[in-house]
Amino acid sequence: MSALLLFIAPDDRLDSWWIVEGGAVALRGSSDTVLPDDLPERVVAIAPAGAMTIYVAKLGSLATQQARTAARLLVADTSAVPVETQHVAVGEADGADRSVAVIGNGRVAVWLEQLQERGLDPDAILPAPLLLPRPETGFVRAVIGAETVLRGRSAAFADEAGLTELLVADTPVENVEAEPLILAALDAPELDLRQGAFAKRSRFRVDAGLVRRLALLGVAIASVTLLIAGVKIARYGFGASALDTQAEAIARSAGVDSTANLQARLVARRGGGLGFTATAGALASAVQAVPNVELASMDFDSDGLLRATILAPGPAEAEALRSRLRNMGLAVEATPFQGENGRIRGEFRIGRR
């Protein structure tokens, strides 16, 4: 796991940063230290405890959106400022209890704006006090970023003279090391402030490798389709040649050398129209001349009609193929085309005009 950690100071400026590699801090710097060029993809900001109020509410296993709605209702009943001006975020369920963080909308917006000016858009914003474990009794205390933070069973706050004494009184306080707690929280944070209006928007990324593979697959499919059509044309062509040879042999054996008689026999075998070879050849030439049009299948009837199933990107290409065949002197009737996987499929019935 690698990440860039940004510690926000109580005055809303960047205080310091860590680069985490392999579960340990690999590099540290202050706000004035220039960040290295090769940064981890994951960016996590640590929000100061003094900027927010932390509650513990019994929200149980409600879905996140439902829990946020319930938490906003609770905050509206206790807050002295309009809840519309406050950002309310809820944490993961801990039994029936869930942590709730309340912070002014403006402060979150300032943090995001200042970080984005540096070219950084955090994937998560974690409240500093919720990086500490929730104790069964008493309080735990640690230094995180530019402030000292305390957390108890039902409260978490920044250490402030007067306030801390009032809240802690005679309750025991245990000092803990912050670094391992921060690193552990990166894998499963208790609460992320990037919820609701401040949720990070996902960006669509084009996978260049996938695009190349799809392009190669498309070329392969088109090549196979043309090869199948070519094999069918060759097969019918060889069949027609065999018929010509057989007709000549029959005529010679019968002592008939009449071209008209031979032609009549050939027409009887191949059907009317121009015959398969001429019609199929014209179709193949027209398909090659119209970009992105494919020949899916074809059949030649005894009445001289060639039925061809056509795949085209749209009506314009289908009509272009039809016009080209008509210009070759062929009669073309088209069945209604239907949509199929982003293309259209239909049948041309081609014969002699």
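The figures that follow rest on heavy atoms only: side chains count, while hydrogens, waters and symmetry mates do not.
In terms of hydrophobic clustering, with Ile, Leu, Val, Met, Phe, Trp and Tyr side chains grouped at heavy-atom distances under 4.5 Å, V332 and V287 are assigned to a common cluster. V149 and F157 fall into different hydrophobic clusters, defined by Ile, Leu, Val, Met, Phe, Trp and Tyr side-chain heavy atoms under 4.5 Å apart, directly or through other members.
Atom CD1 in I103 sits 7.5 Å away from atom NE2 in H87 (nearest 0.5 Å). The line from OG of S31 to CZ of R118 is 6.5 Å long, rounded to the nearest 0.5 Å. For the atom pair CD (E160) and OG1 (T148), the distance works out to 11.0 Å, reported to the nearest 0.5 Å.
Judged by distance alone, the side chain of S285 and the main-chain N or O of A282 form no donor-acceptor pair under 3.5 Å.
A 6.0 Å sphere centred on CD of E333 holds no more than 12 heavy atoms belonging to other residues, nucleotides or ligands.
Salt-bridge formation is not detected for the pair D123/R194: no Lys NZ or Arg NE/NH1/NH2 atom is positioned less than 4.0 Å from an Asp or Glu carboxylate oxygen. A salt bridge links R151 to E190: at least one charged side-chain nitrogen sits closer than 4.0 Å to a carboxylate oxygen.
Between the side chains of T309 and S297, a donor-acceptor pair is found at a separation under 3.5 Å.
In this structure, F348 and L321 have side chains that are in contact, with non-hydrogen atoms separated by less than 4.5 Å.
Pairing each heavy atom of V90 with each of A71, the nearest pair is CG1-CB, 3.7 Å.
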